[in-house]
Peer 1: 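Quick one: this structure, given as structure tokens, is what I'll be asking you about.
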Amino acid sequence: MQCTHRIGAYAVQKKIEENPRILLTNTKGGFFYWQEDPASRYQGFFVRENGVMLKTIAGLRLGVRMAVKRVTNKFSSFEIERQGGVREMFFLDPDSNSLVWQANEAITLSVLLDGKEIFDNSEMGRFYEMSAEEGCVVIEFVKREDGLLGRRFFLAIAGLGGSTVKKEWRQEQYAWDRARNDPPFDRYVFHALDLQGKKFVFSVAEEKDIAIASARRVYDTAETIKKSLDATAEWFAHKHDRPIGDDEIRVAYLAAKHSLHHMEVKDEWKNSEGLYAGIPWFAQFWLRDFAISSDQLVISVAHAIYTRYLDQWIMRGTIHGHEAPGTIIYADTEGLFFRCAERLMRMGALQGEELRKTKELLVSFLANDVPSRMRNGLVHNGPKETWMDTEYQGSGRAGARIEIQALTLAMFRFAGQLTGDKTYFLKEAELLRAVRSALWDGAMLADGAGDATQRPNIFLAYRFYPDLLLRHEWEKAFESALDEVWLPWGGIASIAKTHPFFCGTDRGCDDRNRSYHHGNAWFFVNNYAALALFEVNTEKFQPFIDALLGASTNDILWEGALGHHSEVSSAEQYVPRGCLAQSWSAASYCDAIDRVVQSKTPHTF
């Protein structure tokens, strides 16, 4: 089929394989993840209610199957053109949990439901009741299990046309989940009814009156909403356009920027609540993912989210890297927090009382917490406390890890700049000497003290603290690393390919989590590797830069969720896996493209 991306004045198209994946989001944290033949229980219409992610609609399917000829991603909506001339359009209302479906002619649309919290795989105790109220079909979902009343919501459907009640359970098979070795691989969903018409609105709320009111409002104003969404997308393209000669790179850049922008979740007063790490299953707020992505956020958004974390740290006396506090300890949380603060200060967005509070936290952290983590002059972390937070046969990266040292060095420097106290610069120099002595042998930069295993974290270390090595030393370090972690399709393996723990297939081998940090290529690492190689020696590393950013461009436009950037790929061959819309993947791609575009060096990727 033909796939087209169209935003503002730009469009690219290409023939792609069947069954593409398309993702739309609203400002409330909801999303619609569509595929002609659903392959995952994570596909469908999801809404965020009171901080809880709920699945509502499992699928909307035509009564008569017609092959897809063309898919068009307009960023604010997407269109499906089928054999026989039938055209469908989907878009989300930004201000309510409402999905709009339209067609150019009246057809039958089957409505399949799967009411549940996103990670609830229980099939027991699901009840649906249907009624007609105020011109809408209203479906109440209730979860009852062990005599207890659980999750409840209402789906209101507005539209002109007929309907046929079905009330049938049907089993869905999920090939994507099976390929990921992520059971269950099948699930019964509820075929509620068939609709006949050209336009329907599906609105979800925990209160019936709100669901009905939303459905009626969105149905009546759908064209106005669509025009506003189109105008916003065109403005977005104009604002973020870059002078990029290659049309595919230009559209991929805008797509990545747009994807990241729409990972922001706003509350009912339009204030930023946070940034999703990824969609579908990382639709959660993680400080690490926000901080790494923050350079590409609108400065007011980055500031708003940063100050939320700042207030949480002050109130709790500690900072959590995840929105479910107290569950996991992360060694990089504070370093990334202060890295974000440094940029906000440099941009003039962090001043006055907020800057004073930040300085106090930084001084306290360096005085009290960092010394407790020091062993033999280096900062140590426990197992699974870095971004590589899985473990295989004891390989949880406990010890003194390269990117943690880089973040700590950056904190000492920032503290010196904030306070004017030269003691911090002396501590920076002392730690720098210790890191170079323990981890750098003149040709290879180790992943950790006593662990010469080559992993891609040296590219993150360069990102966080480029003064760790001199330019010619970085060049040697990158050469040594690429010899062991380079993947011919244009990726960086998460561990040396010769390591006994290496697993080349996502969620394959003897342990389904083994490949995650022992093989899989992470696109945010790929993009930052391309950026590091570009800055250290563009001419020498040009083939690697081209391959890395070329693979990312292809992933954004043609292979994963169209217009979004995947979390990971298998190592042995490019296969998009993980969350197919990942914030730090999108942000790092834009970081890399911004830097390359600013240079006068020719680029061909």
Side-chain angles (χ1 to χ4, degrees), residues 1-7 19-40 42-47 55-63 65-82 85-114 155-161 194-204 214-215 217-219 221-230 232-233 255 258-259 262 279-280 560-564 580-581:
M1 72 179 68
Q2 198 75 13
C3 174
T4 301
H5 295 275
R6 188 181 305 278
I7 184 170
N19 211 21
R21 294 167 287 245
I22 302 180
L23 177 69
L24 296 172
T25 62
N26 63 21
T27 63
K28 297 171 66 64
F31 62 89
F32 180 52
Y33 183 10
W34 179 92
Q35 198 169 18
E36 173 76 348
D37 296 311
S40 173
Y42 291 104
Q43 292 172 330
F45 184 33
F46 291 77
V47 303
K55 184 176 183 180
T56 61
I57 296 173
L60 300 173
R61 299 185 191 170
L62 300 189
R65 189 174 181 89
M66 291 174 277
V68 176
K69 289 173 55 181
R70 179 187 297 273
V71 175
T72 302
N73 171 30
K74 293 188 173 181
F75 293 77
S76 59
S77 64
F78 70 89
E79 298 178 359
I80 312 296
E81 182 180 347
R82 299 179 179 275
V86 172
R87 295 191 303 275
E88 301 172 83
M89 176 190 295
F90 298 86
F91 62 90
L92 296 179
D93 175 41
D95 298 322
S96 69
N97 288 318
S98 300
L99 166 66
V100 181
W101 172 88
Q102 292 180 323
N104 64 328
E105 60 183 76
I107 51 179
T108 298
L109 188 69
S110 294
V111 180
L112 307 179
L113 305 179
D114 189 11
L155 169 65
I157 306 173
L160 296 176
D194 288 345
L195 302 170
Q196 294 85 36
K198 296 173 61 175
K199 172 183 167 185
F200 293 100
V201 174
F202 304 85
S203 297
V204 179
S214 295
R217 174 187 64 81
V218 173
Y219 185 84
T221 61
E223 295 309 310
T224 300
I225 293 170
K226 179 64 171 58
K227 287 180 181 178
S228 176
L229 289 170
D230 289 344
T232 300
H258 189 270
S259 175
H262 285 80
I279 292 177
L562 302 181
H564 301 271
L580 295 186

Peer 1: In terms of side-chain geometry, is the basic nitrogen of Asp95 or Lys28 positioned less than 4.0 Å from the acidic oxygen of its partner?
Peer 2: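 Salt bridge between Asp95 and Lys28, a charged N being under 4.0 Å from a carboxylate O: no.
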Peer 1: Given side chains that start at C-beta, do those of Val86 and Glu105 come closer than 4.5 Å, heavy atoms only?
Peer 2: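 Heavy-atom side-chain distance check passes, below 4.5 Å.
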Peer 1: What are the two closest heavy atoms between Ser77 and Met89, and how far apart are they?
Peer 2: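 Scanning both residues completely, I find the closest heavy atoms to be CB-CG, 4.4 Å.
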Peer 1: Got a salt bridge between Arg87 and Glu79, using NZ or NE/NH1/NH2 to carboxylate O under 4.0 Å?
Peer 2: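 Looking at Glu79 together with Arg87, the answer is no, because their closest N to O distance does not fall below 4.0 Å.
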Peer 1: Under the 3.5 angstrom rule, does the side chain of Asn73 hit a backbone N or O of His5 as a donor-acceptor pair?
Peer 2: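 Between the backbone of His5 and the side chain of Asn73 there is no qualifying donor-acceptor contact (under 3.5 Å).
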Peer 1: Quick one: pull up CD1 in Ile279 and CZ in Phe32 and give me the separation to the nearest 0.5 Å.
Peer 2: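 Atom-to-atom, Ile279:CD1 and Phe32:CZ are 13.5 Å apart.
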Peer 1: Does Lys199 make a cation-pi contact with Tyr219, if we ask for NZ or CZ under 6.0 Å from the ring centre and within 45° of the axis?
Peer 2: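 Cation-pi check for Lys199 and Tyr219: passes.
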Peer 1: Can you name the nearest heavy-atom pair linking Tyr33 to Tyr42, along with the distance?
Peer 2: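 Heavy-atom minimum between the residues: CD2-O, 3.3 Å.
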Peer 1: Does the pair Arg82 and Glu88 meet the rule for a salt bridge (Lys or Arg N to Asp or Glu O under 4.0 Å), with working shown?
Peer 2: CA-CA 8 Å; Arg82 299 179 179 275; Glu88 301 172 83; 2.6 Å; yes
Peer 1: Heavy-atom count around Arg6 CZ within 6.0 Å, excluding the residue itself: above 12?
Peer 2: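 Count not over threshold, so no.
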Peer 1: What pair of heavy atoms forms the shortest contact from Cys3 to Leu562, and how long is it?
Peer 2: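 Here Cys3 and Leu562 meet closest at SG-CD1, 3.6 Å.
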Peer 1: Would a 4.5 Å heavy-atom cut-off, applied to side chains only, mark Phe91 and Gln102 as touching?
Peer 2: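 Result yes, sub-4.5 Å side-chain heavy-atom pair found.
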Peer 1: Please check this pair: side chain of His564 against backbone of Leu23, looking for a donor-acceptor N/O pair closer than 3.5 Å.
Peer 2: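 Between the backbone of Leu23 and the side chain of His564 there is a qualifying donor-acceptor contact (under 3.5 Å).
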Peer 1: Side-chain donor-acceptor pair under 3.5 Å between Thr108 and Asp194, yes or no?
Peer 2: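 No pair is found: no donor N or O on one side chain lies under 3.5 Å from an acceptor on the other.
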Peer 1: Do Val100 and Phe200 have side chains that approach each other closer than 4.5 Å (heavy atoms only, starting at C-beta)?
Peer 2: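 No - every pair of side-chain heavy atoms lies 4.5 Å or more apart.
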Peer 1: Judged by atom type as modelled, is there a donor-acceptor pair below 3.5 Å linking the side chain of Ser214 to the main-chain atoms of Ser96?
Peer 2: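 Answer holds: no.
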Peer 1: So, Glu81 and Lys69, do they make that salt bridge, N to O below 4.0 Å?
Peer 2: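 Lys69 and Glu81: salt-bridged.
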Peer 1: What about Phe202 and Trp101, are their ring centers closer than 6.0 Å?
Peer 2: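 That pair fails the under 6.0 Å test.
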Peer 1: Has the side chain of Thr232 got a donor or acceptor atom that lies under 3.5 Å from a matching backbone atom of Ser228?
Peer 2: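 Looks like yes, one N/O pair under 3.5 Å.
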Peer 1: If you round to the nearest 0.5 Å, how far is CG of Leu99 from CD1 of Ile57?
Peer 2: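 Spacing of CD1 (Ile57) from CG (Leu99) equals 5.5 Å.
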